[in-house]
Number of protein chains: 2
Amino acid sequence: MTTIYDSRYVIIVEQLKRVRVEKKVTQRTLAGLLGQQQSYVAKVEGGERRLDILELFDWLKALRADPLIFLREIGWVAQERPGNIPALPLPGHVEEVHGGLNLIMAWQGEKKIVFLQDAKPHDYLIVEKEITAIFQELNNHKSKTMNREAICKAFQLAFELLPAVNPSDVYHHIVYRLYLREYTKTNAEQSWVRAGGEAVELFVARHYADRLAANGIEIKALLSRGEKAAALAEMGLAGTVGDSKLDISLYGVIERKRYIFGGIHCKASFAERVSDDVPCSEAMMRSGLTSLLFTFDAKSFPPPAGDLINRGELGTHENPSDKRRYIEEHGSFDACFCYNLRSVPSKKKTTSGKRIYVCKFDEDDVLPQKVIEAWQQYKVKHKL
Amino acid sequence: MTTIYDSRYVIIVEQLKRVRVEKKVTQRTLAGLLGQQQSYVAKVEGGERRLDILELFDWLKALRADPLIFLREIGWVAQERPGNIPALPLPGHVEEVHGGLNLIMAWQGEKKIVFLQDAKPHDYLIVEKEITAIFQELNNHKSKTMNREAICKAFQLAFELLPAVNPSDVYHHIVYRLYLREYTKTNAEQSWVRAGGEAVELFVARHYADRLAANGIEIKALLSRGEKAAALAEMGLAGTVGDSKLDISLYGVIERKRYIFGGIHCKASFAERVSDDVPCSEAMMRSGLTSLLFTFDAKSFPPPAGDLINRGELGTHENPSDKRRYIEEHGSFDACFCYNLRSVPSKKKTTSGKRIYVCKFDEDDVLPQKVIEAWQQYKVKHKL
DNA sequence: CCGACCGGTCG
DNA sequence: GCGACCGGTCG
C-alpha cells in the first residue's frame, strides 16, 4: 500500500539517515544541533514524523550537507552536467546581417552565433514563435497532438515561411533546437530521435502528395510495422530483408488499380546508419523497383570544439565519405536527394551512374521529377 | 576583443532588455520600481554598468520575471525536464533479499527497485565505490585516463567481483547507470554511447586474450579506422564493405606467422543496429572467415511505463525478433554469444545451423571454445 | 507490446 | 579531422 508520496518520502528518510551515518553524527548529536530531543531524530528516521521543507533544510544544514547535492542524490534535481546543455536559440534573439541573419544561441552561458543565409528576422521570429507554441502545447498533459504530428507541422511552417534558407539548417538549427528548448515532458533528445525521425517521413509524404497525385502517383508514409511489412510484401520482398526497412512507398494509379513501383528511405542524418537501409534498397533495385534516399544530411559539430556549421557528412569528390560511395560507387540507391545546400552534389557521371542531387523545396526540386520519371519507365517496362 | 565573461554578460543584458520589452515595462517605470533614475536602467541595458547578482535578482523581481526561468533562458541552468533524469542507483543503497539483492534507484523522486540475482551487498558496495571513484576521476580536468579505458576497467572490476550476476545486468544497471550518475564533463548519455561502445570491444579483447594466447590465437580490438581498414584488407574485403565494420580481429599464429581467420562484431544492445554489421559479416563468411557476434543484448524499458527488467531483444523461439532471425534463419553470423542470462538461447538445431549461445564469463563460456575450434578448422582447411 | 528513430562524443 | 558508438521514446 505504498503511495507515490510515501515512496518519495521513504527515499528522503533513508538518504537522510545515510548522510548522518556517513558523517558519523549520532542521533543525539544531531538532535542537539537541531535543538530537539533524540526522539525527534528517531521518529523522523523511523518515518513516524514527516519533515516539512524548512525542517528538511535545517536538518541538512545541521549535518553540513549541501541541499542541492542531497536533492540530486534523491533524484529530484538532475546531476549538474556542465556540458549537457546543448546550444539553444535564445528566445526571440536574432540579428540582421548582410545576406541573412545571425541566430544567437546560448551554450554554457556563452554566446554562439549561427549564420542563416537568406533568412529575414521578421520571418524567423514568426517561425520561432509559432513553433515554440506548437512544442509547448505538447507539454500540456491534455494535449492530444502526437509528437510526430507537431514536428511535421513545424517543418511545414518553417519551410513555407523560410523558403530560401538551407532546409537542413531549418531542420537542424531551428526545428531540432526549438524542440530541445521547449519539449520537457520526457527526455527531449531521445524523444527527438523517435518523433523527429518519423516527422521527416510524414513531412516528405505530405509535402509531395499533391504534386505527385497530379501525375497519378500516390505517396504513402509507412508509419506502422504492419504497413512497412505489407509494402515489402507487395514488392515481393517479404522475409528477404528485415520487415521494417522502408519508410515511404510509391504507387502508380491506373484506373483505380495501384501498382507499387518504388519507395523512399528517409534519413535526417547519416552517421553509420545508412548501411541499415542498403540491403533493403539493393533488394528493391534487384526486383526492378525504384529505391530513393531522402536526407537532410544534417551534421554540425557542437562547441567547444566545433563551430556549429551544418556541413553534413557526404564529403567532397576528392575526399568522399563512405556515404557518398554508397551512392556514387556502389549505386546502392537509385538516387539520393539531399536538402543540405552545403553538401556537394554528384557530377553528371559517376561510377555507378547513380547520383546525389542537392535541392531546396522549390520548383527546381528534382525529387518529384525523378519519381514521375520512375513511374513512366515502370509503365513502359510493364506495358501498362 | 570579447572575453568569455563579456559574452556571457552581453547575453544577460540582452535578455533582460527583451524581458522588459515583452512585459511592456518602460525604462522609466522599471527605474521607479527599483528606486533608481531612468539613467540607471539605460546604463545597465547599454552595458555600461554591470549588475551584481543581487541587483540582477532585484531587477527580475521588479519585472515579475522568474529567476530560474531567466537562468534557463540564458543557458546557465538546464531546462527543467521532469522526465530527463534517468533511473540512477542511490549511492550505497541496496537491500539484501532472498537469492540476491535489490538495487534501489531513484527516478523522478520515486523509488524503483531492480533485483540483481546472486549478488551480495558487500561485493556490490565495493564495486559501486570503486567504479564511482573511477568515473569521478574522469571529471577531473587533469585526468589523463581515456573514457573507454575507465569504462573497460569498470567492466573488469565488476565482472570479477560479481561473477555470478547476469553480465548484462552488470553492464546495464551497474556500469551504465553509475556512468550516468557520475560522469559530468560532457553529455553523459552521448558520452556513454561513444566510450561505452568502445569499452565493450576493449573488454572483450582483453578478457579473452590469455585464454586464446594459450591456444596460439591473438585477439585484437580494432580501435582506429586505420586498424579496421587494415584488418578488412588482410581479409581481402577492402572496399567491398564499408571500411569501418569490424570491431575485433582474430589471428592464428604459427611460427611467428599470423593468419587472420575471423573477427568478432560487438554490440552492447541490438535495436535495429545489428543490420549494420550483417553485410560485413556475410562477406567475411563468404570468404571462408569466421564471423562472430558478441552482445550483452541489454534492453530494459524505463519508468513510467517499463519495469526496468533487462529482458533483451532476442525474443523467444515461438515469437522470434528480427535479430533472432538474423542468426537462426538467415545465418548472418557464425554464432552469437549473448551475455544476458534472460535471453533465450537457440535450440541445437536451427534453420541456418547457426546458434545463439547464452553465457556468463566463467569456465563454461563458449566463446573461447568456438574461437579455438574455428582456428583448428581453418588450419585443417588451409593445411597449416 | 516492441520496433526503428538519430546526434553528441572523443579518439 | 571525421568516423561509429548506443538507448529513451512513443506509436
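Proteins come first, then strands; the chains are lettered A, B, ... in the order of their sequence lines, and each starts at number 1.
For A:Lys299 and D:dG3, a side-chain-to-base donor-acceptor distance below 3.5 Å is absent, hydrogens and geometry of angles not being considered. Put simply, the side chain of A:Arg311 and the base of D:dG1 share no donor and acceptor less than 3.5 Å apart. At a cut-off of 3.5 angstrom, counting only N and O atoms as typed in the model, there is a donor on one side and an acceptor on the other between the side-chain of B:Gln190 and the base of C:dG7. The base of C:dC6 sits within donor-acceptor range of the side chain of B:Glu272, with an N or O pair under 3.5 Å. For B:Arg194 against C:dC10, a side-chain N or O and a base N or O form a donor-acceptor pair under 3.5 Å.
For A:Arg342 and D:dC2, the CZ to C1' distance is 17 Å, given to the nearest whole Å. The CG-P distance, from B:Asn310 to C:dC2, rounds to 15 Å in whole Å. Taking atom CZ of residue A:Phe270 and atom C1' of nucleotide D:dG3, one finds them 14 Å apart after rounding to whole Å. When rounded to the nearest whole Å, the span between CG of A:Leu222 and P of D:dG11 equals 17 Å.
Within the nucleic acid shown, B:Ser224 has no heavy atom closer than 4.0 Å to any nucleic acid atom. Contact annotation for A:Phe296: no contact, since no heavy-atom pair falls under 4.0 Å across all strands.
Along DNA chain D, the nucleotide nearest to A:Met146 and the one nearest to B:Glu198 differ in position, and the one closer to the 5' end is contacted by B:Glu198. Mapping B:His172 and A:Leu223 onto DNA chain D by nearest heavy atom places B:His172 at the nucleotide closer to the 5' end.
Within the 3.5 Å criterion, the main-chain N or O of A:Lys245 finds no donor-acceptor partner in the side chain of A:Lys228.
A:Phe301 qualifies as a stacking partner of the D:dC2 base, centre to centre under 5.5 Å and near-parallel within 30°.
Partners of A:Thr295 under the side-chain hydrogen bond (donor to acceptor under 3.5 Å, both in side chains) rule, at least two apart in sequence or in another chain, do not exist in this structure.
A cation-pi contact, defined as under 6.0 Å to the ring centre and within 45° of the axis, is absent between B:Lys153 and B:Phe155.
Looking at B:Glu227 and B:Lys220, a side-chain N of the basic residue comes within less than 4.0 Å of a carboxylate O on the acidic one, giving a salt bridge.
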